[in-house]
Amino acid sequence: YSGWLRAGEPIDESETLAKSSSGSRLPSLRVLPCLIPPSMAASSETKGEGTLRKAFGGVLGFFILLLIGALAFSIRLFSVIKYESVIHEFDPYFNYRVTQFLTKNGIYDFWNWFDDRTWYPLGRVIGGTVYPGLTLTAGSIWWLLNNLNIPLSVETVCVFTAPIFSANASWATYLLTKEVKGTGAGLTAAALLAMVPSYISRSVAGSYDNEAVAIFALIFTFYLYTKTLNTGSLFYATLNALSYFYMVCSWGGYTFIINLIPMHVLLCIVTGRYSPRLYIAYAPLVVLGTLLASLVPVVGFNAVMTSEHFASFLVFIILHVVALVYYIKGILSPKMFKVAMTLVVTVGIAVCCAVLAILIALVASSPTKGWSGRSLSLLDPTYASKYIPIIASVSEHQPPTWPSYFMDINVLAFLVPAGIVACFLPVSDASLFMVLYITTSVYFSGVMVRLMLVLAPAACIMSGIALSEAFDVFTRSIKLQLPKLFESPGVSALNAFCSDMNFKSGDIDSTQDEVVKVDNKAATDKSETAPKERPSKKNRKKEKEIVETTIKKPLKTKRLLVLPLEASAVAILLLIILGAFYVVHCVWAAAEAYSAPSIVLTSHSHDGLHVFDDFREAYAWLRHNTDVDDKVASWWDYGYQTTAMANRTVIVDNNTWNNTHIATVGTAMSSPEKPAWEIFNSLDVKYVLVVFGGLVGYPSDDINKFLWMVRIGGGVFPHIREPDYLRDGQYRIDAQATPTMLNCLMYKLSYYRFVETDGKGFDRVRRTEIGKKHFKLTHFEEVFTTHHWMVRIYKLKPPKNRIRGKLKKSKTNSKTNPSNSKRHSNLRKNPWQ
Amino acid sequence: YKPLCFPLASTAERRGGRCPSALTRLGPFSDSGKQELIMAKSNASDAQALVRSLRSAYAATPTNLKIIDLYVVFAIATAIIQVVYMGIVGSFPFNSFLSGVLSCVGTAVLAVCLRIQVNKENKEFKDLPPERAFADFVLCNLVLHLVIMNFLG
């Protein structure tokens, strides 16, 4: 089709044709361009106009891409405008601290860094447990800018890394979709990705997390893979491996790539689409990719030993077998090939079974069958809740609700099926890959909310394809039928006929006769409808005969879909309105829903905007009023922020790599004061930090997270039992709460002196009055409470030097109450008493 | 006693010293043992015929492709030697073993890719100049061995 001039080309081309063929200007000749092969109409002027139009299209496309990049960057700046240029959430603070270390100490110290200010007293090997892609990227940008004498601070670079890379990601989406469908679809997909709320949520300015860079790496790797698949060039295969290396450096989600690509190769082999380009696209990637993945310290030997990578090796072997089979088929005669097949199949099946048996034995010998916990929880969504409560407790690992799909990808949710259909007309290797990508990402997004992010690019590409195809059909219909509005009815009949006919792609020579014939006939019959139709139909028949007799290549009939003019105009209008709804929703989501840095909270009251800056207040107090070597204990949520902002050593942080250590802290929070003091003292803790939202109604405070502390603590120390803290299965903190709950450290530290605020102790989050209102702390003393009581810091009281009078009391007690000791020994053994 | 074709000598054609492959015609004449013997011998002769035809077909490939094939065989042999050595001696240090084996396998794979691109019978690559294919091969090998050098330890 692309070789033929599009129907409905501007008048001047048909005029030149008319001039060249019959020398008279005829409006009816506007119909002819739909028959004319380019070689007929290819006078130098039209050729020049064709390239001019292409050049204009290219420049327009370039500017559109620039605008898309600017859009992607600016839509993520709401948080900077509404709040300030600050790093959000929890994980980004760790990345920020690591980047600070990198910029200050250089790459060798960063690679070998052992951090002793976290997970006290265990420490953490940062070099070996962090994905270095993000920090290295931001570090290099900072270094480059500073060497160009643009003195941006590390924080600024960190805050704006995500918007820059989302612009890069939309350009990568353009490239990928161009490989699959074409330029128009590419531009649409890039525009959709620039704004999709799911991606915005993890890449606003300030969200300095792995996904900011990893999604760009993901799309770029997929682009290079499809480019290699389409061109068969080893150069792109090398680039593909290097881009995969960048992805491995950036995010743990790289296992998605190394499982999706083998799946696609297998699908291509099974559907008979094996080609040498497939071999060139896949085999170097496996070898080079595995090596490069082993280079990253976090992955190390996992690249060859964990089950996540076995699929790639298996498909590597299968691909080689298939390639060998095709090669032998090529050099042998069919008879000998059949003989070879029978011989090989008998031997080969035996060998395969033996190898499979060995493999299965090896894999089954490990309890998790070689998969890591996180991957298992992806495959079996109920795995984490049964075996690993820490993974289950992370809010990002919960399954998404149905409304969240509409919130996160909005209009794309129902454009995706149309895109899948469009990918099958016609099917190619790249479009098969896209279909596989969208189906797997839809499944995984249903398991974990966090993986909606992987769905977003696929949904954008599919919707881009669907929208582009739809616009194609509608604009073509309008273009074809617009001239009809301005013409005589005779010609309009011919036009209608022409627009419904079948295009035949074939010999150009044979069509020259038809052109001349139609030209002559059209020239002679000007104004009559019936005679016009008959000769044209006659011509059609003659052309058909000529074409059928002289045509040498097989016929490929492609019917161009043309819809009525009014319907297509209305449809285009509706599509534009749909796009407008999408844009409005995206901007609203970016501005209202996803731009909050959870470190600063705001609320609108009757007297304006109220800002809650309690977290930074507490960390600043810690930073300025405690010794450098003091240890701070809190729940693991706040570990990263404490080390980054308060610069104090913490016991547990968001990395959650040591379940026992977290369970220790959880047990301490769930125990009464004295045992808790013992636990914290054994860990050299000086300060305890709790987050309390009862005064202002902040719902994510430690009392709401307390049951997780009990569960995780109880998972390791059995004397903590969850039913002890629940009254009739209900979690309460009011007067009906259990005594264990009312005496535990978390309750006491949260509600100490709370009754002084309003006289009744009304908890705004739980919406009740608290149970125990007046109590004193015996082993802790309060040192700081923030302005809105959101963060409360307590100090461990040092043990008394001299015990006065207590010895006499215990002597008399031991004489008179021997039964007490017996009762104590009947209770569960508490390892700290 | 002439094997295989003896019952058919009178009825069937003899082509070039080999039997016609219509062995099923033997059915009503022979018992199962004889048939198995005949099948096994036919398998053997088929295998011989197969090997012969493979050889003759392969001899027709151009010399430059044969050189590439030789290089691939050399690389795979080196990899197998390394694996056998690892089996004897143990796999410590594992990164050296991995980098050694994967460098052999990697260069073999890249040589196969080069062979695909240089082979004149591949219609998809007829526009690709062989110099470009070789340059890509060298580049990819360079990247591969840079990584190997880093990982070797």
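A note on names: the letters A, B, ... follow the listed sequences, proteins ahead of strands, and every chain is numbered from 1.
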(request) Apply the test ring pair (Phe, Tyr, Trp, His ring centres under 6.0 Å) to residues A/His264 and A/Tyr282: give CA-CA distance (whole Å), side-chain angles for both, the deciding distance (0.1 Å), then the verdict. (result) CA-CA 10 Å; A/His264 173 245; A/Tyr282 183 64; 9.6 Å; no

(request) Have a look at A/Phe301 and tell me which of B/Phe94, B/Phe97, B/Phe92 forms a ring pair (Phe, Tyr, Trp, His ring centres under 6.0 Å) with it. (result) B/Phe94

(request) Measure the acute angle between the ring planes of A/Phe220 and A/Phe216, then classify it against the limits of 30° and 60° as parallel, tilted or perpendicular. (result) parallel

(message) Report which part of A/Phe245 has an atom under 4.5 Å of a heavy atom belonging to chain B: side chain, backbone, both, or neither.
(response) neither

(request) Assert yes or no for the condition that the ring centre distance of A/Phe316 to A/His320 is strictly below 6.0 Å. (result) yes

(message) Please classify the contact of A/Val286 with chain B as side chain, backbone, both or neither, using a heavy-atom distance under 4.5 Å.
(response) neither

(request) Apply the side chain to side chain contact (heavy atoms under 4.5 Å, CB included) test between B/Leu110 and each candidate in A/Thr238, A/Leu234, A/Leu288; give the one that qualifies. (result) A/Leu234

(message) So for B/Ser56, is it side chain, backbone, both, or neither that comes closer than 4.5 Å to the heavy atoms of chain A?
(response) neither

(message) Report which part of B/Glu121 has an atom under 4.5 Å of a heavy atom belonging to chain A: side chain, backbone, both, or neither.
(response) neither

(request) Give, as side chain, backbone, both or neither, the part of A/Ile328 having an atom under 4.5 angstrom from any heavy atom of chain B. (result) side chain

(request) Report yes or no: do A/Ser243 and A/Tyr225 form a side-chain donor-acceptor pair below 3.5 Å? (result) no

(message) With chain A as the partner, which of B/Ser99, B/Cys113, B/Ala60, B/Ala57 has the greatest number of non-hydrogen pairs under 4.5 Å?
(response) B/Cys113

(request) Say whether, by atom type as modelled, one donor and one acceptor occur between the side chain of A/Asn240 and the main chain of A/Tyr236 under 3.5 angstrom. (result) no

(request) Check whether A/Thr231 gets within reach of chain B through its side chain, its backbone, both or neither, counting any heavy atom under 4.5 Å. (result) backbone

(message) For B/Leu144, which atoms come within 4.5 Å of any heavy atom of chain A: side chain, backbone, both, or neither?
(response) both

(request) Would you mind telling me which of B/Val112, B/Leu114, B/Thr61 has the largest number of heavy-atom pairs within less than 4.5 Å of chain A? (result) B/Val112

